[in-house]
Amino acid sequence: MTDIRHTLREQSRNAFANAEPRLGPTVPAAVRRWKLWLLTVCGIYPTIVLLGLATNPVLEDLYLPVRLAVLVPAAAAAMVWQINPRLQRYFGAWLTR
């Protein structure tokens, strides 16, 4: 019985000694801030224009600050959950280059 245990211990030690070292979690490459800014501008401008055109018939009688109070949260939600993830996925290699 002790011979079997000894053999198993030796095998496990050899397996750990011969195993390739594990790589740690990958660190994402640094994103260039100016590229992220440019990508955000390219995403938010059409979003605000389209939302403005779509809501103009309903909101045209309201003062500008009130219209913006409706448009800005809608545009921010679209950017955070829809537009930016897609843009960053598509332009990810360019952002870190």
Side-chain angles (χ1 to χ4, degrees):
M1 186 75 164
T2 57
D3 290 334
I4 295 173
R5 286 183 187 165
H6 179 71
T7 305
L8 289 175
R9 274 194 202 126
E10 287 299 318
Q11 287 176 349
S12 66
R13 284 184 190 143
N14 290 338
F16 284 119
N18 295 332
E20 292 183 20
R22 278 199 244 167
L23 299 175
T26 58
V27 177
V31 174
R32 307 275 186 206
R33 297 262 181 180
W34 70 269
K35 290 180 178 182
L36 189 57
W37 171 83
L38 183 64
L39 202 61
T40 303
V41 169
C42 291
I44 199 139
Y45 178 75
T47 303
I48 290 175
V49 169
L50 290 174
L51 280 173
L53 290 173
T55 60
N56 192 39
V58 177
L59 303 177
E60 67 184 344
D61 294 334
L62 299 175
Y63 292 111
L64 180 62
V66 177
R67 276 189 279 168
L68 290 176
V70 172
L71 289 178
V72 169
M79 287 297 294
V80 168
W81 285 296
Q82 293 294 321
I83 298 165
N84 267 349
R86 291 177 185 178
L87 287 174
Q88 288 179 2
R89 198 173 319 126
Y90 186 75
F91 291 102
W94 176 75
L95 284 171
T96 57
R97 210 173 330 151

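Shortest non-hydrogen contact noted between Lys35 and Arg97 is NZ-O, 3.1 Å. Heavy atoms only, all atoms of each residue included: Pro73 and Leu68 are closest at CD-O, 4.0 Å. Between Ala75 and Ile48, the shortest heavy-atom distance links the atoms CB-CG1, 4.0 Å. Listed here is the closest heavy atom pair of Leu39 and Leu95: CD2-CD1, 4.0 Å.
The side-chain contact (heavy atoms from CB on, under 4.5 Å) test with Arg67 singles out one residue from Leu59, Val72, Asp61, and that residue is Leu59.
Residues Trp81 and Leu71 do not share a hydrophobic cluster, defined by chaining ILVMFWY side chains whose heavy atoms lie under 4.5 Å apart. Residues Leu64 and Val66 do not share a hydrophobic cluster, defined by chaining ILVMFWY side chains whose heavy atoms lie under 4.5 Å apart. Residues Met79 and Trp37 share a single hydrophobic cluster, defined by chaining ILVMFWY side chains whose heavy atoms lie under 4.5 Å apart. By the criterion of side-chain heavy atoms lying less than 4.5 angstrom apart, applied directly or through intervening Ile, Leu, Val, Met, Phe, Trp or Tyr residues, Ile83 is grouped together with Trp94 in one hydrophobic cluster.
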Test log, rule side-chain contact (heavy atoms from CB on, under 4.5 Å), inputs Leu51 and Thr47
CA-CA 6 Å; Leu51 280 173; Thr47 303; 4.1 Å; yes
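To the nearest 0.5 Å, atoms CZ (Phe91) and CG (Leu36) are separated by 12.5 Å. Considering OG1 of Thr40 and CG of Leu87, their distance stands at 8.0 Å, rounded to 0.5 Å.
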